[in-house]
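For reference, the structure is listed below as structure tokens.
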Amino acid sequence: MIFQCEDAESRIAFRLINQHLVEDSIRLMSMCPTMDLLAVCTESGCVWVARWYNALEKIWTLPPSQDGEETVEAFTWRPDGKVIAIGYSNGIIRLYNVDKLEMIHELFQKPLKSPSSKSFAINFLFWVQETKKDSEIINDATNDFSMSAHPVQKYLPRLNTMPHAKPISKLLGDLNESDEDDLDDRSSSSIDLLLAGDTGGNLHLSVYGIYNLQPISLSQHIQLKNATIIEASVTPDLSLITLLIRTDDCSTSSASTGFHKDRLFFVTFNTGLLYTQKLEIRTLSQRYTAIKYLTDYIFKGIKQIESEYQDLKFLTNKFVESFQEEAKSKLSAEFVRLLATGKPSALLDEYMESHLTKRALKDWESKGQKTFDRIREYINHYVRIGCERLIIELNALVGYSKWPQKFQKLGLNESFIHSCVILAGCIISRLEKLNSIIDEEYINFLEFHQWLQFEFDNITSLEQSTNPEASPRVDVHKVSSYIKNSLGKDFLNNLEKFFVDDQQSSTISLPSFEFSFSCNSLDNCDLFQYNSSQSSELPAYPYDFLSSNNAFQRAPSFESFVTELINRCDILSSTTADNVAKSVKAHELVDIVEGINYCIDNIFLADMKIVTEGLATNAYVIFYLSQDRNVSPTLWVLRFPLYTNTSKSYTPSLKFADNFSRSKNGDIACIQLVNNEHPEEYLSITDLNLYDDEKLYMTVVGSENDEPILLSEVKYTELNFISIPEPYDLQSTNEFKLPNVINQVLDRMRNGNFTPLLVQRFRDLTYFKPLQLTTNGARGLIGALSNDKKSIIIFDANEEDVYDMKDDDENIKMMEE
């Protein structure tokens, strides 16, 4: 025994559930919070999800990037365990369905507003869901009644899946189309956040993992250079975000020693609107998600219509151009002559005999009919329905904008939303006109082919000296109209204007509105003061007003309309995202330690968790330094009080002074890792993990080769803590003049205030040699990765499981051999 235990009865081994061998070395692994699943990233860059309970049955495997430009840097599970988020070296975050290999959404970093903006590698991911008390759930249910989903939306059929189009984000589609889909997490009144940190020192927040807020630059809030987020946590009510940050102090780096002396900080952020307006943000995030999906759906539908139009144009031009190349004459003129005289010219007769055969004519007619039908199908079954759904969502935002107490600070502007509604209505109006022209052109097309088929058969009968058939009833006007519009200089001139912009029509000029649109900061929200008389004066512009503005100016193309609509909807969404991100403010900072020797020979491990203990909510930061300041390897536990809930109706406000009431300053405990049997020998930790609100699990090994390797359980909330100075209030200063926490308490520790390593339970894993731990406190599980990165064992950490551990030790030894 190399260190103390609380008593002999506490030496209960963790129950071994399963053990697995893998072929490829493992770099990262994480346990699902709700199911018996394990996510793994191998050294080769492959990611797979497997069931671990029996055999290691893989559900799906994601191969590494073929071009090698992106590598997996981090992943995390959604709290319900149904979605996994994977962060890459190029700054992209992809969300995958756990049940099958299906990417359901992709998040791109929003660029910071600076000329040197670029994407940074994702190095940290954390997904958290709001935890509410019963009283809060009742209040939210009452407040949410008026902001629930639009009643019409519940009875609308699902949007049709668009054929021949690349699928849009699966998660966006599911959120918009179905309230019962497994991936839809909206049924709960709680909100969840996906937090991501990148190597550029930026914090990214995403509501539900789909609605991205503007990035938060750590350097702008706390003026620290080269900052990297190590760990993050969020209070149960989402009022505070806590970050553990390491900064690389390049000024103290040494080329001779080969390491940097880093600093470690603990920072709290007040979430601002994300807390005070979270119900409204939850509602808007769902609306913006639906709007994003619908605008993409409309855009893809328009591109499909344009593609069908180009196919029809190509099909007709194939015959027109081949005739003009050989005959040096216009095919339309020859057809007009044939229509007028009933006799083809020698050029047309030769062309119809050699190129425009009966089979080719039938093929032309068949393909043309199908193309016309598909265009009408896209208009009536896809794009128009998408526009109508979009107007429903936008009108819901119009209603929200009339509620200034709830939505004014989030940047909703009624006149700007009206401009989006008008654009969507203009697209519907243009679709109706296009549909009318398509119907007309389709009838002319069929009439033309009926006439041309008769003339072809008539010419053939004359050549074969047979009696010609009686002439069918042909509408000469429709035939001539088709020849003019489809075979003339401008192919289908009536259709061309819908897809090609005129030089003067590429810019869309919307009518001026009563309200100005701009809200770049929360201090300038007087632009959104509500006035009921003004809102009633908004003119009800007809959806085809653009064509009536200037009779000599052609209306813009569909693509111009949809592009403008997408841009305006993005501005609408980004304004809210920007306002919410700007309200997130760094509040307090603790300078923990400086001069961390970050090199290969030194080990630095850290973890953080927010724990509610009675009425108090505390943040626990645990970090391990193997070499520092000529002292033995130490395990430090920092306890930092966030706030105290003194009443059941406690509600933090945006006023920082009132938001956090502390009963005392922070505390710190230091565990000196000394071998009790041989005080001159030190212990070291290979990995640590905060298991739940009370227990810490870590792997401890002695300094000698023959020392055992123990999986140990420590109750980190019951250590001997000593007080530390108050944190810096970042609202009043950005200068850190006092010594860091470790420097201030180190002298007291040297005088004998070190806490001995007191272990409640342990398990000998010498044969396994664990390197990395992953835990699931909710389900009572511990996973360990071996030193060679090719073996995994799973333990049940429940205290009730008592058994003889000799058989398990033998199994582990056999697996290693």
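We count residues from 1, following the sequence as given.
- No side-chain heavy atom of Asp788 sits under 4.5 Å from any side-chain heavy atom of Leu771.
- Trp636 places no side-chain N or O within 3.5 Å of a backbone atom of Ile622 that could act as its donor or acceptor partner.
- Cation-pi geometry between Arg639 and Phe721 is met: under 6.0 angstrom from the ring centre, within 45 degrees of the axis.
- Under 3.5 Å, the side chains of His204 and Asn212 contain no donor-acceptor pair of N or O atoms.
- Side chain of Glu713 to backbone of Leu696: no donor-acceptor contact under 3.5 angstrom is found.
- Using a 4.5 Å cut-off on side-chain heavy atoms (C-beta onward), Leu38 and Ile792 make contact.
- The closest side-chain donor-acceptor pair between Tyr208 and Gln129, if any, does not fall under 3.5 angstrom.
- Formation of a donor-acceptor pair under 3.5 Å by the Thr42 side chain with backbone atoms of Ser25 is not found in this model.
- Put simply, the side chain of Ser217 never gets that close to the backbone of Asn202: no donor and acceptor are under 3.5 Å apart.
- Counting heavy atoms from C-beta outward, Val621 and Phe623 have side chains that approach closer than 4.5 Å.
- Side-chain contact check for Leu264 versus Asp591: every heavy-atom pair is 4.5 Å or farther apart.
- Side-chain polar atoms of Trp52 and Asn18 form no donor-acceptor pair below 3.5 angstrom.
- Using modelled atom types and a 3.5 Å distance limit, the side chains of Asp24 and Ser44 yield a donor-acceptor pair.
- Between the side chains of Glu231 and Ser233, no donor N or O sits under 3.5 Å from an acceptor N or O.
- With Arg27 contributing its side chain and Val72 its backbone, the two residues share a donor-acceptor pair below 3.5 Å.
- Here the side chains of Val40 and Leu28 are not in contact, with every heavy-atom distance at 4.5 Å or above.
- No donor-acceptor pair under 3.5 Å is formed between the side chain of Asp198 and the backbone N or O of Ala121.
- In this structure, the side chains of Gln772 and Met29 come closer than 4.5 Å at one or more pairs of heavy atoms.
- A side-chain donor-acceptor contact under 3.5 Å links Asn776 to the backbone of Cys32.
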### Task
Apply side chain to side chain donor-acceptor pair (under 3.5 Å) to the pair Asn689 and Thr775, showing each step before the final yes or no.
CA-CA 7 Å; Asn689 205 298; Thr775 61; 2.9 Å; yes
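- The backbone N or O of Ile709 sits less than 3.5 Å from a side-chain atom of Thr766, completing a donor-acceptor pair.
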### Task
Tell me, with the steps shown, if Glu694 and Lys609 meet salt bridge (charged side-chain N to carboxylate O under 4.0 Å, His left out).
CA-CA 10 Å; Glu694 181 183 16; Lys609 191 174 184 66; over 6 Å; no
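- Not a single donor-acceptor pair under 3.5 Å links the side chain of Arg78 to the backbone N or O of Leu194.
- Side chains of Tyr697 and Phe14 form a contact here, defined as non-hydrogen atoms less than 4.5 Å apart.
- Remark: Arg15 fails to qualify as a cation-pi partner of Phe795 under the 6.0 Å distance and 45° angle criteria applied to the six-membered ring.
- Here the two rings, on His221 and Phe269, have centers that are under 6.0 Å apart.
- Taking each heavy atom of Thr61 and Cys46 in turn, the nearest pair found is CG2-SG, 3.2 Å.
- Looking at Ser786, its side chain never comes within 3.5 Å of a backbone N or O of Pro770 through a donor-acceptor pair.
- Residues Leu193 and Val207 form a side-chain contact, since some pair of their non-hydrogen atoms from C-beta on lies under 4.5 Å apart.
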